[in-house]
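Letters A, B, ... mirror the listed sequences (proteins, then strands); counts begin at 1.
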Amino acid sequence: MEKELNLCVLATSLHEPGMDWLGLRRIRTRTGYLSARNGKPEVGHHEWSDGLMVEVRAKGHIGYCATNGLSEVEVRDAMRRALRVARAAAPHAIFRFDDTVRPAVRGVYRSARREDFGSGFHGGHVDLLVSLTEDLRASDRVVKAAATFVLRDLTIEYASSSGADFRQEMLVAGCDLRAIAQADGKVQQRTHHGYLTHLFQSGPDLFHAESLRREARRIGAEALELLAAEDCPTDTRDVVLAPDQMILQIHESIGHPLELDRILGDERNYAGSSFVRLEDIGSLQYGSPLLNVSFDPSVETEVASYGFDDLGNPASKQAIIRNGMLVRALGSLESQARAGVPGVANARVCAWNRPPIDRMANLNLEPGSSSFDAIIGSIERGVFMATNRSWSIDDFRNKFQFGCEYGRLIENGRLARLVRNPNYRGISVPFWRSLKAVGDTSTFQVLGVSNCGKGEPNQAVWVGHASPVCAFSNVEVFGGAS
Amino acid sequence: MMEQTARDLRAAFDSLADSLFHSLRPGEDLSLTLSAERSHFLRFSQGRVRQNGFVDDGTVEARLVTAGRSLTFDFPLSGAPGRDRAVAAAELERVRTFAPAWREDPFLVPIEARPSSEVFHGGTLPDPEALPGLLAHACGSLDLVGYFSSGLVVRAAANSKGMRHWFGVENFVVDCSAVLPSGQAAKASYAGRIWSNEDFERQVETLRTQSEALRRPRRTLKPGHYRVFLAPAALAELVGLMDSAAGEGALRQGESPLVALRDGRRSLSDGFSLSEDFSLGLAPRFNDFGEIFPENMPVIHSGRLANTLISARSAREYGIESNGAGSGESLRSVHVAPGHLAPDSVLQALGTGLYLANLHYCNWSDVPGGRITGMTRHACFWVENGELVAPISDMRFDDSIYSFFGSNLEAVTASGEIVPETSTYEWRSLGGMSLPGMLVRDFALTL
């Protein structure tokens, strides 16, 4: 039987000439994924992943070797290989890093609702999953009624030759419901606030039968209603966005443009750059004075809460946009060192086999003071849109287009008839400057985005977004294809 | 050395498979698929190294069929036999414990004896320690950003009825952009199995030359309808979005833009033909059920839906014949047929309009209508009377496949190129597309 790795001992005992620093990050994940469709089981899947990222700094450059070989011999070999490529790259590296980008922190973070994964899903979950598809299938015109449950137990251990020693343990639970209705050549979809947005640091209690079944019946019924609805009009009008669309608006046109590694140019070949320049931090009026956005790793159930980022930087809430003014970028210690500006603790990896890069974690739009009724009441001609179904933005994060599942016209301060295929497009900063009302805490919702992708090699992480209902003036809206 | 690594990985997989199959109980069947790599990555920006390192990875996805139930489970394959067997056995036991709680699957795909296959493509790969210096030398003052990836990629399959598949390839991909201070960029990929420093340096020089054309003052366009030429890399973004469009399940469940094509309500141009073509040698032919897909199968032929992708599960669900599609029913080795437009006549044929080298962030804006939105990106030019005039400021488009692959498809180039798959989500992907360029007489730019 192999000896269990002791990262602290290894990090402080392994050494090679020429190595200035060694870091070891082990990530273990156990995932359960169940889905059912139209009353039948579809996917019953479990995963176990366990691997180690070895980082070595030599002459200011950090090389890496990720391996799922977990003996001391294999770790030593990984260290040597990481050292060789670190030394080869150092004379040609983009920046010379030192100890400050890998602080020697010690501590433990556990997600608030963490409990042992234990046996994970059980028969009651399976019964509920299948029942939900039956609740979603409000009629035969619902051609796809699907439900998904996800549970992930994640443990991160980190140690370094400079004395870092921390551990993070999270349990994440997620749920997705969707109904696709089809009739007379028309197809409409309705979901549980978008694809797997119900993703939280929670436990199996997320799968609460009564509330989920109620949701499923609503979703199925609305998919059918949308078949009969008229198309969203094509014109310019005020737009009110529900939180389950705001999360994509925030994600694409605030989160990504403010990632400091994008501003520094690292993503220009793949995910793109940013319209934001370093000199804009502290001076760019990003949005209306109603816009307040924060990086917040401390929200108890939000999916990307943590105690430390994956470089070991202790994480805390920071204002990113205050009263519309850009005050801070989303940059980790490495990007802060390169750019010479402050940032946040946002270096993250998707798994053991990727190096850390700047990511969103939890990025939230703070609630304001307007009730939902007051917001609707203030609008003469507009459209209320809910639940993202399509998103696209340019590689500088300027020109965006979003589509939603569900719309209601707003006429003379009241919600009016249902419309389908509500879409809108705009340009980031002018759009955020047109923010005219921000909902209060009664409209605030915490959700997640499960598939945020960037990096080379590519990485997909989940991020948390929370937002109230928000209203914007004079937005270009349009409906579906004729 | 990689060939020895491939042999070691194969031995580890075969040994693990034998051990697991031997441990099965009466009434159980098991299939395994392996995705493994021994890869080197080097990420660069401004012609300098940002991050570099190695990834040694292997994941087995197992499918247990027992008592009318089908359950899948993933676990690591590290190559250490004792460790791998212990982990696999523990995961199998865990799934056995859960199985009674799962439901019987009326569309269960049984695990069956099937033909086996073995393919290995060796290569000559770049030296990871020499790459930083080579990059610096090739770039000079050029702002080159992107990444190298190279190494061994393996896909394998085995089942308890005796089927074995093995596909291994040593390859590399360089995907990069040459960026000007204005932010404009020219992009290229260099991929293959036989690395040449000289070829790489030539690619960088070509990019340098292409990026020079971007120094001209930019033209800002108004929204409207334009003649455009979609270069193969731009076409790849549009065709890539269609990867599961021909899936039988997607068509039946309202998730495909091709429903209207199938129903006869909409049509595509008779100049548009798309097939699954494994003679390209880019991806293994076996799917996750271990079935071998035909070497070539038309999906859309002269604008008509010729075949959908039907997995063994969909076949059972809908009472039709499977054609060897995997469980995801998505395209894996796409070939879009060339036409008759001579490549060196493209600009003349375009006349006045837009040359679109790349597109970005494409997404369906209306699936039933076949409408896609996205952005122009990198080296896109305004063309007048067959001459490149000016690069353009990025524009958003929103248009339907029934238009640009349909009534407004004017011509298709007589030859194409391979656009390699460059995705590295979870692991280095295999595959790619063989694509021509397309001249479209009316393409809607919206912002």
Considering non-hydrogen atoms only, spot the tightest contact between [X] and [Y] and give its length.
X        : Y        : value
B:Gly254 : A:Ile180 : O-CG2, 4.0 Å
A:Asn68  : B:Pro76  : ND2-CB, 3.8 Å
B:Trp364 : A:Ser390 : O-OG, 2.7 Å
B:Pro368 : A:Val187 : CG-CB, 3.7 Å
A:Asp266 : B:Arg50  : OD2-NE, 3.0 Å
A:Ser392 : B:Gly374 : OG-CA, 3.8 Å

Which bit of [X] comes within less than 4.5 Å of chain B, counting heavy atoms only: side chain, backbone, both or neither?
X        : answer
A:Ala90  : neither
A:Asp394 : both
A:Val54  : neither
A:Gln401 : both
A:Trp352 : side chain
A:Phe275 : neither
A:Arg87  : neither
A:Phe402 : neither
A:Asn398 : neither

Chain A contact via [X] - which portion, at a heavy-atom distance below 4.5 Å:
X        : value
B:Val367 : neither
B:Thr446 : both
B:Glu37  : neither
B:Ser149 : neither
B:Tyr402 : neither
B:Asp143 : side chain
B:Pro106 : side chain

Got a second to check how far [X]'s [atom1] is from [Y]'s [atom2], nearest 0.5 Å?
X        : Y        : atom1 : atom2 : answer
B:Thr72  : A:Tyr33  : OG1   : OH    : 10.0 Å
A:Gln182 : B:Gln253 : CD    : CD    : 10.0 Å
B:Arg377 : A:Asp395 : CZ    : CG    : 4.0 Å
A:Glu456 : B:Phe148 : CD    : CZ    : 12.0 Å
A:Phe121 : B:Phe98  : CZ    : CZ    : 7.5 Å
B:Phe75  : A:Ser49  : CZ    : OG    : 12.5 Å

For the candidates [options], which exhibits the highest count of non-hydrogen atom pairs separated by less than 4.5 Å from chain B?
options                                : answer
A:Gly69, A:Gly63, A:Ala86, A:Ala78     : A:Gly69
A:Gly123, A:Gly403, A:Ala93            : A:Ala93
A:Asp50, A:Asn38, A:Asp127, A:Asn423   : A:Asp127
A:Gly124, A:Pro355, A:Ala146           : A:Pro355
A:Val143, A:Ile427, A:Leu129, A:Leu264 : A:Val143
A:Gly453, A:Ala181, A:Cys350, A:Ala82  : A:Gly453

* Worked check of side-chain contact (heavy atoms from CB on, under 4.5 Å) between A:Thr67 and B:Phe54 -> CA-CA 8 Å; A:Thr67 175; B:Phe54 298 98; over 6 Å; no
* Kindly indicate, with the supporting measurements, whether the criterion side-chain contact (heavy atoms from CB on, under 4.5 Å) is fulfilled by A:Trp48 and B:Asp74. => CA-CA 6 Å; A:Trp48 169 243; B:Asp74 287 2; over 6 Å; no
Between the side chains of [X] and [Y], does any donor sit under 3.5 Å from an acceptor?
X        : Y        : value
A:Asn458 : B:Thr424 : yes
B:Tyr361 : A:Glu252 : yes
B:Asn52  : A:His61  : yes
A:Asn269 : B:Asp175 : yes
B:Ser177 : A:Arg268 : no

Please rank [options] by heavy-atom pairs under 4.5 Å with chain A and give me the top one.
options                               : value
B:Met395, B:His360, B:Arg69, B:Gln46  : B:His360
B:Asp84, B:Asp263, B:Leu131, B:Thr373 : B:Thr373
B:Ala101, B:Cys362, B:Ser45, B:Ala185 : B:Ser45
B:Phe73, B:Phe44, B:Tyr425            : B:Tyr425

* **CA sep, side-chain torsions, deciding dist, call: A:Glu47, B:Glu61, side-chain contact (heavy atoms from CB on, under 4.5 Å)** => CA-CA 9 Å; A:Glu47 284 176 24; B:Glu61 177 167 314; over 6 Å; no
Looking at [X] and [Y], does any basic side-chain N land under 4.0 Å from a carboxylate oxygen?
X        : Y        : value
B:Arg43  : A:Glu267 : yes
B:Glu104 : A:Lys40  : no
B:Arg103 : A:Glu42  : no
B:Glu129 : A:Arg81  : no
A:Arg354 : B:Glu426 : no

* Over 12 non-hydrogen atoms of neighbours within 6.0 angstrom of CZ in A:Arg96 ->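 No, CZ of A:Arg96 has 12 or fewer neighbouring heavy atoms, counting only those of other groups under 6.0 Å.
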* Asked: Quick check: does any side chain N or O of A:Asn421 sit under 3.5 Å from a backbone N or O of B:Asp366, one acting as donor and the other as acceptor?
  ->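 Judged by distance alone, no pair lies under 3.5 Å.
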* Of all residues at least two apart in sequence or in a different chain, which pass the side-chain contact (heavy atoms from CB on, under 4.5 Å) check with A:Ala351? ->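 Checked A:Ala351 against side-chain contact (heavy atoms from CB on, under 4.5 Å); matches are A:Asn353.
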* To do: Please step through side-chain contact (heavy atoms from CB on, under 4.5 Å) for the pair B:Ser78 and A:Leu70, ending with a clear verdict.
  => CA-CA 8 Å; B:Ser78 68; A:Leu70 299 171; over 6 Å; no
